[in-house]
Amino acid sequence: MLLPLPCVKKYDENESNSKQIDREIKQWIKSYNDAIKLLLLGTGESGKTTIIKQMKILHIQGFNAGERMEKIQHIRHNIHESIYEIVRNMSPLSIPLRDPKNIQSQQYILQIGLAGPADYTEEYFDHVRSLWRDAGVRECFKQANEYQLIDSAEYFLDRIDLIAKSDYLPSDADILRCRQKTTGIQKIEFKVKVPKSMHGGVQDFWMFDVGGQRGERKKWIQVFEGIHAIWFLVACSDFDQNLREDNTQNRLTESLVLFQDVWQSRFLLEAGLIVFLNKQDLLENKVSRGNTIANYFPQYDNFEAPGNEYNRTKLFIKSLFMDLTKKRERRNITASAERFVVSEASRTRECYFHFTTATDTDNVRTVFRDVHQMILTHILNNIGVY
Ligand SMILES: Nc1nc2c(ncn2[C@@H]2O[C@H](COP(=O)(O)OP(=O)(O)OP(=O)(O)O)[C@@H](O)[C@H]2O)c(=O)[nH]1
Ligand SMILES: [Mg+2]
């Protein structure tokens, strides 16, 4: 079941009169005055907060000037952590700078440290610019799966001239790319129009965002109560990367383990589960550069699916998650600090999948519309209207 249903009487066929249907629907809409509560789950950097930002753009008023100003410092810090991590990892990966003149710039950045400079001066940006032009730096950037680099590194470093300007104000696209780890739990509320074809009106949504890194997951249980549907985010492009918080664990494997925990959690039995197979843009780039998932998931070699390498890879990742929803065996109780599973669900439930690029507003608009429609159809089906 996708949603706990409102308590309404079924349509009485003896009273075959369209007025009765209308009355029933009005009654349903009235009784359904509770907000639909959605919870975003997934590992760190899977895209949960990016979805929240998209809801703000699509269903609230977007970002005002003050909120955009607040992001400037974070975006500049994203530039710093990107260039810092790239140049710091050149030596461990035995990649030299192509232009020896850049050694001074490399030292300048390394001396600042990860925390970043007190002021982002012209001198600072000049050093970053010279480094980002260096072919050795680019080579180290290409090998970013070997170390921890934010996904938006290239996006922001390519826009350094704009971001360095004193009157820079971030665009929606910049805000969507800005990376800030979530700690604690955030909630946004918004209203969405119900299409006329589905009897109109307005529906309230509450959407909860949590931190996805291991240390944050202990807090999740606080928001499990009364959740109607979970959107589980997967960073599909992470198949060749290890976790920030545990450099021995593959990120996609961690996502699969976490998904299994969510799927089996007895606290979430009543919630519908929708998996967002996210970061499709990055996955496509990665696969088209020749990185194959077979190096990390050897079973890919036996996977049969139509289409090009990217298409096969995305369907393979989907199959990994689908397989977990079909597994029926009972598991032992797990109560480690980082996992909240207490016992497993044994009943059949449906799980829905969407391929997404959370930074693409049009894509998220379409996916949200589909998901909303599905929820409404499900409810109306269950009260016997359709
Ligand atoms: N290119 C691209 N970047 C994405 C996509 N989804 C998210 N990102 C970027 O990935 C980074 C991490 O996204 P977040 O939304 O902060 O991830 P999160 O799941 O909230 O992470 P935690 O708060 O640590 O749990 C951000 O810089 C996003 O802009 C995507 O589909 N494509
Ligand atoms: Mg977040």
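None of these values were measured; they are calculated from a predicted model. Both ligands and their constituent atoms are indexed starting at 1 by order of listing.
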Once you restrict to heavy atoms under 4.0 Å, what part of [X] touches ligand 1? Side chain, backbone, both or neither.
{"X": "Ile150", "result": "neither"}
{"X": "Thr50", "result": "both"}
{"X": "Ala358", "result": "both"}

Give yes or no for whether the N/O distance cutoff of 3.5 Å, strictly under, is met between [X] and ligand 1.
{"X": "Thr357", "result": "no"}
{"X": "Thr356", "result": "no"}
{"X": "Gln213", "result": "no"}
{"X": "Leu282", "result": "no"}
{"X": "Gly212", "result": "yes"}
{"X": "Lys181", "result": "no"}

* On the 0 to 90° scale, with breaks at 30° and 60°, tag the Phe321-Phe259 ring pair as parallel, tilted or perpendicular. =>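 Ring orientation, 0 to 90° scale: perpendicular.
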* **Nearest candidate to atom 23 (O) of ligand 1, where distance is taken over non-hydrogen atoms, out of Leu40, Thr182, Val364** =>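 The nearest heavy atom belongs to Thr182.
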* Asked: For atom 22 (P) of ligand 1, which of Glu216, Arg179, Arg177, Arg244 has the closest heavy atom?
  -> Arg179
* Structure fact -> Taking the Mg ion (ligand 2) as the apex, OG1 on Thr182 and OG1 on Thr49 give an angle, to 10°, of 90°
Are [X] and [Y] close enough that their ring centres sit under 6.0 Å apart?
{"X": "Trp206", "Y": "Phe190", "answer": "no"}
{"X": "His59", "Y": "Phe205", "answer": "no"}
{"X": "Tyr120", "Y": "His77", "answer": "no"}

* Structure fact -> The reported gap from OG1 in Thr43 to NZ in Lys48 (rounded to nearest 0.5 angstrom) is 6.0 Å
* Asked: Any salt bridge between Lys71 and Asp174, counting N to O under 4.0 Å?
  -> no
